[in-house]
Amino acid sequence: MFEIKYLRQNLSNIKKAIENRNADINLETFIQYDSKRKSILTELEELRYRRNLVSDEIAALKKQKENSDHIIKQMKEVAGKIKELEKSLNKNEEILNKILFNIPNIPHESVPIGKNSEQNKVIKKAGNIPEFDFTPKAHWTIGKDLKIFDFERAAKITGARFPLYFGTGAKIERALINFMLDTHTTKHGYTEVLPPFIVNRNSLISTGQLPKFEEDLFKIEGLDYFLIPTAEVPVTNIHQNEIISEEDLPVKYTAYTPCFRSEAGSYGKDTKGLIRQHQFNKVELVKFVTPEDSYNELESLLCDAETILQELKLPYQVIVLCTGDLGFSAAKTYDIEVWLPSQKTYREISSCSNFESFQAKRGKIRLRRKNKKKLEAPHTLNGSGLAIGRTVAAILENYQQKDGSVIIPEVLRSYLGGIKEIKP
RNA sequence: GGAGAGAUGGCCGAGCUGGCUGAAGGCGCUCGCCUGCUAAGCGAGUGUGUGGUUAAAGCUGCACCGAGGGUUCGAAUCCCUCUCUCUCCGCCA
């Protein structure tokens, strides 16, 4: 979110940025209500000033036991006028906020300008794409043959797009969660967090999922609570409405949570397998940093996520999202995409973003510098490190053997009682 | 679920028979003095947001004492609603 003042002063920049995003925001309305706000406020503050002065007078008169009825009578009118103005100011403020909270973040200057995902840029390829002397199977077939997951039964329990793992399948999920958390806490210096899986409206507004994207969320009936679409929401909101000292930065958290997404508008896409589910597990990385460090911190966040794929020896590529594909709150985003042999393509497995001060401002997270009076907004970042279900899919597909078995990546074996492969 | 207590500045904590309280006191922090270092001591300063003015420091208006509404000329203080925290009882993984 932008402060009104900033928006007023940088209108043309923001306009251009929004155009680059293919977003549609009516800034003319903003200007209109902004100037209205100013005129109401000026009048209101003058009246309040007068009221405060006269109130003191009345107090003084009363103290001297003198009559003040005539002034009080006068002030009654002023009080009425004040109330009126306050009402219209509130209304005006509501409209302004609605506009303000619907304006997306400005892309960083290093973000390529583009219309959609086709203009994203590949910036790195890593790992070896496996070669097969047979036709590699899709992970849902492998999983079914190995009897480690069962989507039909999951649909019976709940509905389409819910996971149900058995035996080694369930264990691999758990092993991956532990492996990732262990790596990030011991090697990368993150503090492990286990947050609530249900959050209130305000938290979702802070991180930017609301007010625009309510249809993507699962809402709890009868309460203004939602299932989290990502750990980013509860974890970023840990410091909502707080002042963080400069010397405490960077703050780095990692959290495992399930994620719940309604996937509205994605019907017919990725209907099979683990790629697009209503519920999936994820290990998330979240950072609070000083503005001057945030782009370096984005690079290291990306590295931290990449490490997991390197250790699992899975081939991947890194892309930088273009302006048209950038998420609402992000100023810059790298996606890591893992190779899926059955689809002969790379699929997103992590998304690492710098939100700059966008979320901090919405969530009133502030930064106190060591020798400065004025408070600033810290920058927030987050990234998946990684999505667990998609990692399982990638392991199954990349490590599959001709006989239908799947080799377990070495780093995971100690988490799985030492087994080296899953056999049919 | 029932009964009660509470929510004040970076933290702790007064005020709550309405006006002199943006808020005592303490801690912390900053600056200065002092002691050869450290600790202690002394003095001054120190909330947030937003507007005006200024080259700047500063001065200054308004708002904010959990959130929202109400009463009043005037509310941290009174009333209502909501949220959260704590204590006791009940129930429970």
Side-chain angles (χ1 to χ4, degrees), chain A residues 1-10 30-31 33-101 194-206 210-211 219-220 222-226 234 237-249 251 288 290 357 360-378:
Chain A
M1 187 179 75
F2 303 105
E3 281 140 359
I4 289 184
K5 196 164 65 176
Y6 180 86
L7 194 52
R8 213 182 284 139
Q9 288 164 356
N10 298 277
F30 167 82
I31 298 165
Y33 281 94
D34 180 44
S35 68
K36 197 172 162 197
R37 183 188 106 101
K38 211 167 179 187
S39 69
I40 297 172
L41 206 55
T42 310
E43 194 184 346
L44 180 60
E45 288 193 353
E46 263 165 34
L47 285 177
R48 290 209 274 224
Y49 176 51
R50 203 170 133 217
R51 182 184 68 183
N52 290 344
L53 282 183
V54 176
S55 290
D56 287 347
E57 261 172 59
I58 293 168
L61 284 176
K62 286 225 160 151
K63 214 173 178 183
Q64 292 163 34
K65 305 230 157 82
E66 281 179 40
N67 190 292
S68 54
D69 289 356
H70 58 293
I71 324 180
I72 290 179
K73 208 170 170 189
Q74 238 183 347
M75 279 299 106
K76 264 189 190 172
E77 271 174 53
V78 175
K81 183 83 183 150
I82 287 175
K83 208 154 269 178
E84 237 173 76
L85 285 173
E86 277 173 349
K87 264 193 191 132
S88 69
L89 183 71
N90 279 348
K91 224 180 215 166
N92 198 73
E93 211 76 358
E94 222 172 272
I95 297 169
L96 267 178
N97 273 336
K98 203 174 165 190
I99 299 171
L100 233 39
F101 276 97
L194 185 60
F197 300 161
I198 293 176
V199 293
N200 60 31
R201 181 173 292 273
N202 193 43
S203 291
L204 286 153
I205 289 174
S206 296
L210 291 180
K219 186 163 193 304
I220 307 289
L223 292 169
D224 214 14
Y225 290 168
F226 300 81
N237 278 287
I238 288 172
H239 296 296
Q240 178 214 107
N241 215 351
E242 285 184 17
I243 297 171
I244 307 175
S245 295
E246 182 178 11
E247 54 265 37
D248 292 335
L249 297 183
V251 171
F288 301 80
T290 57
S357 61
K361 280 184 183 142
R362 290 164 83 98
K364 298 192 174 65
I365 306 167
R366 285 153 302 165
L367 160 64
R368 190 187 299 284
R369 297 283 192 178
K370 207 153 168 31
N371 288 314
K372 253 196 226 165
K373 242 181 133 182
K374 193 116 173 84
L375 296 178
E376 295 172 39

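Naming: A, B, ... by sequence-line order, numbering from 1 per chain.
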message: Any donor-acceptor pair under 3.5 Å linking the side-chain atoms of A:Ser203 with those of A:Asn200?
response: yes
statement: Between CD of A:Glu77 and C1' of B:C73 the distance, given in whole Å, is 12 Å
- prompt: Any ion pair linking A:Glu376 and A:Arg366 (charged N to carboxylate O, less than 4.0 Å)?
  reply: no
task: Rounded off to whole Å, could you give me the CD-to-C1' distance for the A:Glu93 and B:G68 pair?
output: 16 Å
message: Closest approach to the side chain of A:Lys76, judged atom by atom: which nucleotide of B:U48, B:C84, B:C73 is it?
response: B:C73
query: Across all strands, who's sitting opposite B:U71 as a Watson-Crick or G-U wobble pair, both distances under 3.5 Å?
result: none
- line: The Watson-Crick or G-U wobble partner of B:G43, with both key distances under 3.5 Å, is B:C31
- line: Smallest heavy-atom separation, A:Ile95 atom then A:Tyr33 atom, equals CD1-CE2, 3.4 Å
task: May I ask you to say whether A:Arg48 pairs ionically with A:Glu86, meaning some side-chain N is under 4.0 Å from a carboxylate O?
output: yes
field: Any-strand Watson-Crick or G-U partner of B:A57, both distances under 3.5 Å
entry: none
- prompt: Under 3.5 Å, is there an N or O donor on one side and an acceptor on the other linking the side chain of A:Glu45 and the base of B:G61?
  reply: yes
field: Counter-base of B:C11, judged by Watson-Crick or G-U geometry with both distances under 3.5 Å
entry: B:G26
statement: Checking B:C73, B:G19, B:C62 against the side chain of A:Tyr49 (C-beta onward), the nearest is B:C62
- prompt: When rounded to the nearest 0.5 angstrom, what distance separates CD1 in A:Ile82 from CG in A:Leu89?
  reply: 12.5 Å
statement: Among B:G74, B:U50, B:G19, the one nearest any side-chain atom of A:Ala59 is B:G19
- request: Starting from P on B:C73, measure out to CG on A:Asn67 and report it in whole angstrom.
  value: 14 Å
query: So what does A:Lys62 touch, heavy atoms closer than 4.0 Å: a base, only the sugar-phosphate, or nothing?
result: base
message: Looking at A:Asn52, I'd like to know whether one of its side-chain N or O atoms comes within less than 4.0 Å of OP1 or OP2 on B:C73.
response: no
message: Restricting to non-hydrogen atoms, name the atom on A:Gln240 and the atom on A:Gly363 that form the minimum distance, rounded to 0.1 Å.
response: CG-O, 3.3 Å
message: In whole Å, measure the gap between the P atoms of B:G22 and B:A75 for me.
response: 12 Å
- request: Remember a base hit wins even if backbone is also touched, and classify A:Ile4 as base, sugar-phosphate or nothing at under 4.0 Å, heavy atoms.
  value: nothing
message: Taking only side-chain N and O atoms of A:Arg366, does any of them lie within less than 4.0 angstrom of OP1 or OP2 on B:G47?
response: no
field: Pairing nucleotide - B:A3, Watson-Crick or G-U, each distance under 3.5 Å
entry: B:U87
- request: Could you check which of B:G74, B:U72, B:U48 has an atom nearest any side-chain atom of A:Lys83?
  value: B:U72
message: Please report the distance separating the P of B:U50 from the corresponding atom of B:A44, rounded so that it comes out in whole Å.
response: 32 Å
- prompt: The side chain of A:Arg8 lies closest to which of these nucleotides: B:G74, B:G51, B:C62?
  reply: B:G51
task: Please report, rounded to the nearest Å, how far the P atom of B:G70 is from the CG atom of A:Asn90.
output: 9 Å
- prompt: Just how far, in rounded Å, is P of B:A75 from CD of A:Glu86?
  reply: 10 Å
task: Starting at atom CD1 of A:Ile72, determine the distance to atom C1' of B:G18, rounded to an integer number of angstrom.
output: 13 Å
- request: May I have the distance from A:Arg368 (atom CZ) to B:G28 (atom C1'), rounded to whole angstrom?
  value: 11 Å
- request: With a 3.5 angstrom cut-off on both distances, give the Watson-Crick or G-U wobble partner of B:G36, or none if there isn't one.
  value: none
query: According to the Watson-Crick and G-U wobble definitions, with both distances under 3.5 Å, which nucleotide is paired to B:G49?
result: B:C62
message: Using a 4.0 Å heavy-atom cut-off, does A:Ile58 contact any base of the nucleic acid, only the sugar-phosphate backbone, or nothing at all?
response: base
query: Across all strands, who's sitting opposite B:G18 as a Watson-Crick or G-U wobble pair, both distances under 3.5 Å?
result: none
field: Nearest-nucleotide pick for A:Lys38, side chain only, options being B:U72, B:G52, B:U48
entry: B:G52
- request: Over all heavy atoms of both residues, which pair between A:Asn67 and A:Leu61 is shortest? Give the atoms and the distance, please.
  value: O-CD1, 4.0 Å
